[in-house]
Amino acid sequence: MFNIRKEAFRDGKLFQFGMLVAVLAALILLLSAAESYADNRVMGEVQFEGASKVERDSGVWIDGQYLGYLKELKGDKKVMLLPGEHEISVRQAGLENFVRKIVVEPGQKQTVRVAMEKSVGWSTPSTTATLKLTVQPHRAAVFLDDWYVGHVGEFGGKFHSMLIAAGKHRIKIELAGYRTFETEVNLLAGQKSEVKTDLVKGSIKQNDAMVKQVAQQAASNPR
């Protein structure tokens, strides 16, 4: 009998301890939710609308930092910014940069409607080769000879690839929070090639300056 009571007492203490842990965990979740709610009341949300598929697949920079391509910046990737003035730059190969300055108000939501025009100096190379990118994450920015040409998802899969001028080119693939991947290709006219890699996670400080550039850059014809 003594042993049974002792065991019951021990179980009771364990039960009470378990309840205490559960209560503390619930309090932490409530505090985190309250903090998140307070942060959202301070931050302002920016949404994007593209005039066509071209704009929706274009890369978005805010205050010089690449965030991803336009149509993905919603849901868990929605853009929340601190109140104040911010510069938005939307870029796509063959199109003039779309640049706007906006003022974000605390707790307010605003929509930026993006419409881009064809770049005056854009032309298709006379001698071309085909390059496919099989890279994760798909949202990473792609630079050809230091010019932004799109995001990985536009140049991979069964039906997508990059048409570039024959010859030697430098390829950079970058995304905030990952290490920059860089390689060179030297393609003959009509040749098909593929670059395969998974970006390695790392600090945002390890990104190359191309993904963080602030200066406006007109889209250039891949050479």
Side-chain angles (χ1 to χ4, degrees), residues 50-61 64-73 89-99 114-202 206-223:
S52 70
K53 183 179 184 300
V54 173
E55 282 87 1
R56 291 191 289 272
D57 281 330
S58 297
V60 178
W61 275 255
Q65 176 68 58
Y66 175 75
L67 296 186
Y69 55 97
L70 191 144
K71 68 182 179 183
E72 70 162 348
L73 299 180
S89 177
V90 183
R91 307 174 190 177
Q92 181 62 279
L95 302 177
E96 296 289 346
N97 289 349
F98 174 91
V99 181
V114 180
M116 303 169 76
E117 298 180 357
K118 187 175 180 180
S119 178
V120 177
W122 178 264
S123 62
T124 304
S126 57
T127 306
T128 62
T130 302
L131 182 66
K132 178 169 290 197
L133 302 178
T134 303
V135 179
Q136 291 287 350
H138 289 167
R139 58 195 299 263
V142 180
F143 296 88
L144 178 67
D145 299 327
D146 293 336
W147 293 94
Y148 174 77
V149 292
H151 64 273
V152 169
E154 297 178 86
F155 308 118
K158 189 174 181 180
F159 302 105
H160 298 89
S161 58
M162 184 191 309
L163 195 66
I164 61 177
K168 183 181 288 188
H169 300 279
R170 295 188 312 279
I171 306 292
K172 285 184 181 180
I173 302 174
E174 304 184 341
L175 182 63
Y178 292 81
R179 296 182 184 179
T180 297
F181 172 82
E182 186 171 2
T183 189
E184 281 193 358
V185 296
N186 193 358
L187 305 178
L188 301 175
Q191 183 179 354
K192 294 182 179 180
S193 185
E194 184 176 11
V195 172
K196 292 184 177 182
T197 190
D198 289 342
L199 298 187
V200 178
K201 286 192 175 183
Q206 293 171 310
N207 291 135
D208 185 86
M210 292 306 301
V211 82
K212 296 182 287 189
Q213 60 183 331
V214 179
Q216 296 180 23
Q217 173 179 297
S220 172
N221 180 24
R223 297 184 292 279

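Just so you know, these numbers come straight off a predicted model, no measurement behind them.
Under the 4.5 Å side-chain criterion, counting only non-hydrogen atoms from C-beta, His138 is not in contact with Glu72. Residues Pro137 and Leu199 meet the side-chain proximity criterion, which asks for heavy atoms closer than 4.5 Å. Between Leu144 and Ile171, some side-chain heavy-atom pair lies under the 4.5 Å cut-off. Counting only heavy atoms from C-beta outward, the side chains of Val142 and Met162 approach each other to under 4.5 Å. Contact of the His160 side chain with the Phe155 side chain is not registered, since no non-hydrogen atoms from C-beta on lie closer than 4.5 Å.
Partners of Lys192 by side chain to side chain contact (heavy atoms under 4.5 Å, CB included), not counting sequence neighbours, listed by chain and number: Thr130. Every ring-ring contact (aromatic ring centres under 6.0 Å, His included) that Tyr69 has, sequence neighbours left out, goes to His151. Take Lys53 and apply the side-chain hydrogen bond (donor to acceptor under 3.5 Å, both in side chains) test, not counting sequence neighbours, and it matches Asp57. The side chain to side chain contact (heavy atoms under 4.5 Å, CB included) check on Val195 picks up Leu131, Leu133, Phe181, Thr183, Val185, with sequence neighbours excluded. Glu184 is linked by a side chain to side chain contact (heavy atoms under 4.5 Å, CB included) to Lys168, Arg170, counting only residues two or more places apart in sequence or in another chain. Legend: residues meeting side-chain hydrogen bond (donor to acceptor under 3.5 Å, both in side chains) with Gln191, ordered by chain and number and at least two apart, are absent.
Side chain of Lys132 to backbone of Gly157: a donor-acceptor contact under 3.5 angstrom is found. With hydrogens and angles ignored, the 3.5 Å screen pairs no side-chain donor or acceptor of Arg179 with any backbone N or O of Val200.
To the nearest 0.5 Å, atom CG of residue Leu188 and atom OG1 of residue Thr128 are 12.0 Å apart. With values rounded to the nearest 0.5 angstrom, Tyr66 atom OH is found 8.0 Å from Phe143 atom CZ. Note that OH of Tyr148 is 5.5 Å distant from CD of Gln92, once rounded to the nearest 0.5 Å. Note that CZ of Arg91 is 5.5 Å distant from CG of Asn97, once rounded to the nearest 0.5 Å. Interatomic distance, OH of Tyr178 versus CD of Gln136, reported as 9.0 Å (0.5 Å rounding). Remark: Leu67 CG to Leu73 CG distance equals 6.0 Å, nearest 0.5 Å.
For Glu55 and Ser58, the side-chain atoms include no donor-acceptor pair closer than 3.5 Å.
Closest heavy-atom contact between Glu174 and Thr180: OE2-CG2, 3.1 Å. Scanning both residues, Met116 and Val90, for their nearest heavy atoms gives CE-O, 3.3 Å.
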